[in-house]
Amino acid sequence: MQLSMDSFVSEPGPASSETLSNNALKRERRARERQVREEEKKKVTTNKTPENQRQQVANNDTMDPSQFLSNRIKSLALLKESGVNPYPHKFDISMSITEFIDKYSSLHVGEHVENTEISLAGRILNKRSSSSKLYFYDLHGNGAKIQVMADARHSNMDENEFCKYHSGVKRGDIVGICGFPGKSQRGELSIFPRSLVVLTPCLHMLPRHTVTSNSDEAQSKKKTRNHSWTPGITRNPETNILRDQETRYRQRYLDLMLNSEVQKIFRTRAKIISYSRDFLDNLGFIEVETPAMTMTAGGAAARPFITHHNELNMKLYMRISPELYLKKLVVGGLDRVYEIGKVFRKEGMDLTHLPEFTMFEFYMAYADYNDLMGIIEKLLSGMVKEMTGSHKIKYHGNGFDSEPVEIDFTPPFRRIDLIEEIESRANLSIPKDLSSETANKFLLEACEKFDVKCLAPHTTTRLLDKLVGHFLEETCINPTFIINHPEIMSPLAKWHRSKPGLTERFELFVNKKELCNAYTELNDPQVQRQRFAEQLKDRQLGDDEAMVLDESFCSCLEYGLPPTAGLGMGIDRLAMLLTDSPNVKEVILFPAMKPQD
């Protein structure tokens, strides 16, 4: 069967060449080297046909996407009919692209190491050619990129086969290359293939940077060259090839493939988790796993998702926090435990909230909330310093259209007392007995006076929380501990040892958003039952986020929870800060989205 050379074929063996005299060979080589140098220059000089237009023609980018897909599917069908597998099972690589760069970046301009054979694999995201004998590809893999300089002189094919084969290689194809390392005359590290084979064809036409003129293209390339993002500095979304937000979140694989910054974002997120694990492991903590489906939704003030267990024929709740299980482990003798896992809360979706998010929680026996403030200061300041080289980061907290703010993680972090600071800023004298009707009425009037919106039910807890948001959270750009919350707001926290009515609790805020919540744990089972009963009153008033009684936890406390402190931190929000991501969906690989019509 006669097959189209636009299909994906395996490379044939070496072709025979004519015998030439030594002088003729030297003349041919010098002429070919001159041609290569000229063709490299054409990559950066203006031609009668603009560079982006030449690339579009070479890659069929002017073709209708549906026609492109149809053509590629037909080519695959022809290959399969002829007995050729267009999806090889295996390709042996001798090193990664990153290892290739590390090993050969010190080569001199124009230097080739032809006696070394290397095999690499990756995805082609750019293809350029101004000659049928010389093709340039950008090969991407594992967050790195090198140039592929496919020269017919070095190929195992003859020139006709070389031209036909490479004309069928498209952007997006995953290829395997066997060749030698070197640097081009312009000093760009490259691999020079002796063979190149398509391992997995990309059936769809990939998006490109949208430019309207040569000057726009030049500016876009300049921005990309001058902006290599690292954690802690601002990002520039204009450097992205794929910019449509809906497409980026729904087809994250395309986002990762085309936008190099996005891979760095999720590598940074992974480093945040690894650093946190190592930090606690070095303090003698052990990592554990607790149930994601529970019989009671406890450990936080939130509405749960409900599911059903068919075998047990019972209603279960997706966990809103692992807290109560982790404290049960401390009762059992595991003095230092932590968990990193998903929690699920039925709350709104906005730039900093999603119903499914990752929580990092740890519990430490024989410690209190003062110890945890020191620990979290050391954890966060050390993490920021190691990942960015500084304690200061830049963050577009109000979106990329606004100026970034500088956030300083240099310890010690600022500390403000919740009640004292509200009274000072609002010139109020809040009643001491916050469980009284008098206190509730006072706080409701204060909210009305300062135009602080609070939706019903107007429980004292909700009113206080709104006043904290209005007067305190707005001042917390650099990391700030808001400490000593009232008992009525903290049903699982231990009473303050010197301030009646308050608890030994803190929340850490950064850029006006809560990052951590921690306290000295309440370990008196009678007081714990009383706190749950007070929460029940709020629930009866219509607060469906109030905690419910967990009798199994209270029974566990009766066996004795040692003096303990615990902390929960949102991994997603921390990742937002270190990756300059004002939208939480930027740091979630597959965020929840409404179904498309």
Side-chain angles (χ1 to χ4, degrees), residues 96-99 101-102 141-144 228-233 235 252-253 255-256 259-290 292 321-323 326 329 334 336-343 354 356-364 372-395 407 409-411 413 479 508 510 513-518 566-581 584-591:
S96 68
I97 294 176
T98 305
E99 292 169 337
I101 293 170
D102 291 341
N142 209 29
S228 179
W229 178 80
T230 56
I233 67 172
R235 291 196 291 120
R252 184 65 88 181
Y253 49 89
D255 193 27
L256 291 163
N259 298 331
S260 59
E261 269 185 8
V262 176
Q263 283 202 22
K264 293 180 181 178
I265 286 173
F266 288 102
R267 292 179 189 279
T268 300
R269 180 189 169 104
K271 289 178 182 177
I272 289 170
I273 294 173
S274 295
Y275 186 97
S276 301
R277 276 198 172 102
D278 292 343
F279 183 90
L280 290 187
D281 288 346
N282 290 332
L283 290 177
F285 284 77
I286 64 168
E287 185 174 7
V288 297
E289 293 176 287
T290 61
S321 168
E323 175 170 345
L326 293 174
L329 296 178
L334 299 179
R336 298 186 177 190
V337 294
Y338 73 94
E339 181 170 11
I340 301 173
K342 294 286 189 182
V343 295
L354 284 177
E356 175 186 1
F357 58 98
T358 302
M359 184 68 80
F360 168 68
E361 288 205 23
F362 67 86
Y363 291 81
M364 185 177 185
L372 295 197
M373 279 189 264
I375 287 174
I376 200 63
E377 277 180 346
K378 187 175 180 181
L379 169 63
L380 292 175
S381 62
M383 178 190 296
V384 172
K385 179 72 172 179
E386 178 168 307
M387 295 179 68
T388 71
S390 169
H391 283 126
K392 297 178 180 179
I393 64 171
K394 296 283 189 179
Y395 181 61
I407 301 173
F409 282 85
T410 303
F413 300 163
L508 178 62
V510 182
K513 301 294 181 183
E514 179 192 347
L515 183 62
C516 300
N517 183 30
L567 178 143
M569 178 173 69
I571 292 293
D572 307 323
R573 286 189 182 174
L574 181 55
M576 290 173 67
L577 291 169
L578 291 183
T579 61
D580 190 28
S581 299
V584 67
K585 290 182 179 179
E586 292 288 333
V587 298
I588 306 291
L589 279 168
F590 299 101

**Item:** Partner residues of Glu514 under the salt bridge (charged side-chain N to carboxylate O under 4.0 Å, His left out) criterion, sequence neighbours left out
**Value:** none

**Request:** May I ask you to check whether Arg269 and Thr358 show a side-chain donor-acceptor distance below 3.5 Å?
**Result:** yes

Would you tabulate the side-chain donor-acceptor contacts of residues 382-391 under 3.5 Å, counting partners in other chains and residues two or more places apart, or write 'none'?
| residue | atom | partner | partner atom | Å |
| --- | --- | --- | --- | --- |
| Thr388 | OG1 | Val384 | O | 2.6 |
| Thr388 | OG1 | Ser390 | N | 3.2 |
| Thr388 | OG1 | Ser390 | O | 2.7 |
| Ser390 | OG | Lys392 | N | 3.0 |

**Prompt:** Got Pro322 and Val343 here, is their nearest side-chain heavy-atom distance under 4.5 Å?
**Reply:** yes

**Request:** Heavy atoms only: give me the nearest Phe409-Ile393 pair and the separation to one decimal.
**Result:** CE1-CD1, 3.8 Å

**Prompt:** Distance from Leu334 atom CG to Ile286 atom CD1, nearest 0.5 Å?
**Reply:** 4.5 Å

**Complete:** Heavy atoms of Ile376 and Cys516 approach each other most closely as CG1-SG, 4.0 Å

**Asked** Hey, does Phe285 have a side-chain heavy atom less than 4.5 Å from the side chain of Val337?
**Response** no

**Request:** Applying ring-ring contact (aromatic ring centres under 6.0 Å, His included), name anything that partners Phe279, two or more places apart in sequence or on another chain.
**Result:** none

**Asked** Hey, does Leu508 have a side-chain heavy atom less than 4.5 Å from the side chain of Pro479?
**Response** yes

**Request:** Show your working on side-chain contact (heavy atoms from CB on, under 4.5 Å) between Leu256 and Leu589 and close with a plain yes or no.
**Result:** CA-CA 9 Å; Leu256 291 163; Leu589 279 168; 4.3 Å; yes

**Message:** So, taking the atom named CG in Leu379 and the one named CG in Leu372, what distance separates them when rounded to the nearest 0.5 Å?
**Reply:** 11.5 Å

**Message:** Rounded at 0.5 Å granularity, tell me how far OG in Ser276 sits from CG in Leu380.
**Reply:** 8.0 Å

**Asked** Between Glu339 (side chain) and Leu326 (backbone), is there a donor-acceptor pair under 3.5 Å?
**Response** no

**Message:** The test is side-chain contact (heavy atoms from CB on, under 4.5 Å); show your working for Met359 and Ser321 and say whether it passes.
**Reply:** CA-CA 8 Å; Met359 184 68 80; Ser321 168; 6.0 Å; no

**Reported CG-to-CG distance for the pair Leu577 and Asp572, which is rounded to 0.5 angstrom** = 11.5 Å

**Item:** Sidechain-backbone polar pair: Glu377 side chain, Phe413 backbone, donor-acceptor under 3.5 Å
**Value:** yes

**Request:** Output the distance between atom CE (Met569) and atom CG (Leu574), rounded to the nearest 0.5 Å.
**Result:** 5.5 Å

**Request:** Assess whether side-chain contact (heavy atoms from CB on, under 4.5 Å) is satisfied between Phe360 and Leu280, documenting all intermediate values.
**Result:** CA-CA 11 Å; Phe360 168 68; Leu280 290 187; 3.3 Å; yes

**Asked** Heavy-atom distance under 4.5 Å between the side chains of Lys264 and Ser228, does that happen here?
**Response** yes

**Asked** Any side-chain heavy-atom pair from Pro591 and Arg252 closer than 4.5 angstrom?
**Response** yes

**Message:** Using the side-chain hydrogen bond (donor to acceptor under 3.5 Å, both in side chains) criterion, which residues pair with Ser581? Sequence neighbours excluded.
**Reply:** Arg235, Thr579

**Asked** Taking atom NZ of Lys271 as the centre, does the number of heavy atoms from other residues, nucleotides or ligands within less than 6.0 Å exceed 12?
**Response** no

**Prompt:** Step by step, would you call Met364 with Ile375 a side-chain contact (heavy atoms from CB on, under 4.5 Å)?
**Reply:** CA-CA 11 Å; Met364 185 177 185; Ile375 287 174; 3.5 Å; yes

**Fill in**
Heavy-atom closest pair (Gly141 atom, Ile97 atom, distance to 0.1 Å) is N-CD1, 3.5 Å

**Request:** Would you please name every residue forming a ring-ring contact (aromatic ring centres under 6.0 Å, His included) with Phe357, sequence neighbours left out?
**Result:** none

**Message:** Please determine whether ring-ring contact (aromatic ring centres under 6.0 Å, His included) holds for the pair Tyr363 and Tyr338, giving the CA-CA distance in whole Å, both sets of side-chain angles, and the decisive distance to 0.1 Å.
**Reply:** CA-CA 6 Å; Tyr363 291 81; Tyr338 73 94; over 10 Å; no

**Request:** Answer whether the closest heavy-atom distance between the side chains of Thr230 and Thr268 falls below 4.5 Å.
**Result:** no

**Item:** Any pair counted as salt bridge (charged side-chain N to carboxylate O under 4.0 Å, His left out), so long as it reaches residues 272-285, sequence neighbours left out
**Value:** Arg277-Glu287

**Item:** Rounded distance (nearest 0.5 Å) linking atom OG of Ser96 with atom CG of Asn142
**Value:** 6.5 Å

**Message:** Taking NZ in Lys378 as the centre, count heavy atoms belonging to other residues, nucleotides or ligands within less than 6.0 Å. Is the count above 12?
**Reply:** no

